[in-house]
There are 2 protein chains.
Amino acid sequence: MVKPAKTSADKRPPLSRDRVLHEAIAVADEGGMDALSMRRLAHRLGVEAMSIYYHLENKDALLDGMIDRVMAEIELPEPDEEWQPGNRRRAVSLHNMLARHPWAAPLMESRTNPGPVALRYYDAVLGSFRTAGFSVPMAAHAFAAIDAYVYGFGLQEFSLPFDEVPIEEIGQAILQTLPPDEYPYLTEMIIDHALQPGYDYSAEFEWGLDLILDAFEQRLGES
Amino acid sequence: MVKPAKTSADKRPPLSRDRVLHEAIAVADEGGMDALSMRRLAHRLGVEAMSIYYHLENKDALLDGMIDRVMAEIELPEPDEEWQPGNRRRAVSLHNMLARHPWAAPLMESRTNPGPVALRYYDAVLGSFRTAGFSVPMAAHAFAAIDAYVYGFGLQEFSLPFDEVPIEEIGQAILQTLPPDEYPYLTEMIIDHALQPGYDYSAEFEWGLDLILDAFEQRLGES
DNA sequence: ACCTGAACACCGTTCAAGT
DNA sequence: ACCTGAACACCGTTCAAGT
């Protein structure tokens, strides 16, 4: 008997850990963490909910796997790169990753078992500071401060459901209900800054990032 | 007929928006966001789940109410206070609030309708910068950078379930499974820094905060 | 005015069973 | 080896009904 050749429409690729993780990230990217249920994910994979449990132990393992995957999207500082441009590139690419995966920031910080991708990432970043002459405590300061800034900025920037409604309308809407003499500085900020034509909030990210990087450069020179 | 005097054990105080919010915050503080279900909350209030809906429209309104309440715990910069000590005090008290309510950081950033408490907070912070001579764009920079740092730091510090297990054991556990020659800088950081007797991670927060505040002080002097 | 019971459309997960 | 169906203990919310 000859095995019948299957047409491409005939059958989906078999379920696998990889396919499940890929689709889970897609679901979370589109609809947020609330949209990611085992049942809905299974439906998108053309399979029953219970089938997922053959490839991943439970939902926690699914979340760990998703984090490991998106962390691989972060560019590492290169060994032959100066610490500042290397970490600038890393921070910007982390920021971009958080833009693609708005659900990731809170999740990354609440998981306890770092995968190999995470460990390599930590080691590369710490290495970039140490080889540039940072002391061990100073490397800890730099890692903590830069990452707190990047995650925190991403948290406010990307966890808002502003994909459809442009930020101007939000500002306008707030202005409508705002007694201007009760909140003069907030009113001023919205009118004279946030609602100005050239305003670009994402430029704010790199401004603050450079402030922090420059501050470390300075401390390095002092010691 | 005389109304019978009720003994204190006889009856709980009647349900109210205030009691619901108070208890909801307590539940989230103890068990995290996952523990907060309408049914469990109702049970703690000695009431059926549906009773809550009389006082709050739905779970979203509950979350908005919780955020408004915890934001009231943040100390505002005073009008007669210098911008730097005022914002240092504010940032530290925000950090403390996030320590008490680890669930708050991701939630605060994902809500869209700021209550009166939030508006007053924004206005007070912006006012402290403007009266100190910050331009409007510079006040925006400062607010964005400082708050990104505080929220991001709190995110990594408090969303970990490290209440019971001390951080040393975590470090030890990671070390066990870590091939030291593959991750030399990470190994060094854990052994020579994180596991040292005097190590205090919470001191890291104020170190980075002062770095950022000083950097703004400097830019102010330059312009 | 304030609270409840039953019902609906969902969850994650276990476990025995199918191929 | 890989997938499924039925079942369990949960969710948020609607709606009509109780006092």
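These values consider heavy atoms only, across backbone and side chains, with no hydrogens, waters or symmetry-generated copies. Throughout, a chain's letter reflects where its sequence line sits, starting with A, and its residues are numbered from 1.
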Determine the contact category for B:I52: base if any of its heavy atoms lies under 4.0 Å from a base atom, sugar-phosphate if only primed atoms, P, OP1 or OP2 are that close, otherwise nothing.
-> nothing
Once you round it to whole Å, what is the distance between P of D:dC3 and CG of A:L41?
-> 13 Å
Heavy atoms from other residues, nucleotides or ligands near CD of A:E78 exceed 12 (cutoff 6.0 Å) | yes
Sugar-phosphate only, base, or nothing, as touched by B:L62 at under 4.0 Å among non-hydrogen atoms = nothing
Write down the distance between CZ (A:R19) and C1' (D:dC3), rounded to a whole number of angstrom.
-> 13 Å
Using Watson-Crick geometry (N1-N3 plus N6-O4 or O6-N4) or G-U wobble (N1-O2, O6-N3), each under 3.5 Å, C:dC10 is paired with none
On DNA chain D, more 5' by nearest nucleotide between B:M38 and A:S51 is A:S51
Donor-acceptor contact below 3.5 Å, side chain A:Q196 vs main chain A:I191 = yes
5' priority, DNA chain D, between A:R39 and A:H55 [closest heavy atom] | A:H55
Salt bridge (Lys or Arg N to Asp or Glu O under 4.0 Å) between A:R88 and A:E206, intermediate numbers included = CA-CA 9 Å; A:R88 194 178 201 285; A:E206 304 206 5; 3.1 Å; yes
Complementary nucleotide of D:dT4, counting Watson-Crick and G-U pairs under 3.5 Å = C:dA16
Take the protein atom CG of A:D34 and the nucleotide atom P of D:dG12, then report the distance between them rounded to whole Å.
-> 12 Å
B:L63 atom CG is separated from D:dG12 atom P, nearest whole Å, by 10 Å
A:Y54 vs D:dC2: side-chain N/O to OP1/OP2 distance below 4.0 Å = yes
For the pair made of OH in A:Y53 and P in D:dA7, what is the distance, rounded to whole Å?
-> 18 Å
If we only count heavy atoms from C-beta on, is the B:M97 to B:M108 side-chain gap below 4.5 Å?
-> yes
Specify the separation, in whole Å, of atom CG of B:L45 and atom C1' of C:dC3.
-> 13 Å
B:E48 CD to D:dG18 C1', straight-line distance once rounded to whole Å = 13 Å
Just by distance, do the side chain of A:Y122 and the backbone of A:P114 share a donor-acceptor pair under 3.5 Å?
-> no
Closest of D:dC3, D:dC15, C:dG12 to the B:M50 side chain is D:dC15
Between C:dG12 (C1') and A:R40 (CZ): distance, integer Å = 14 Å
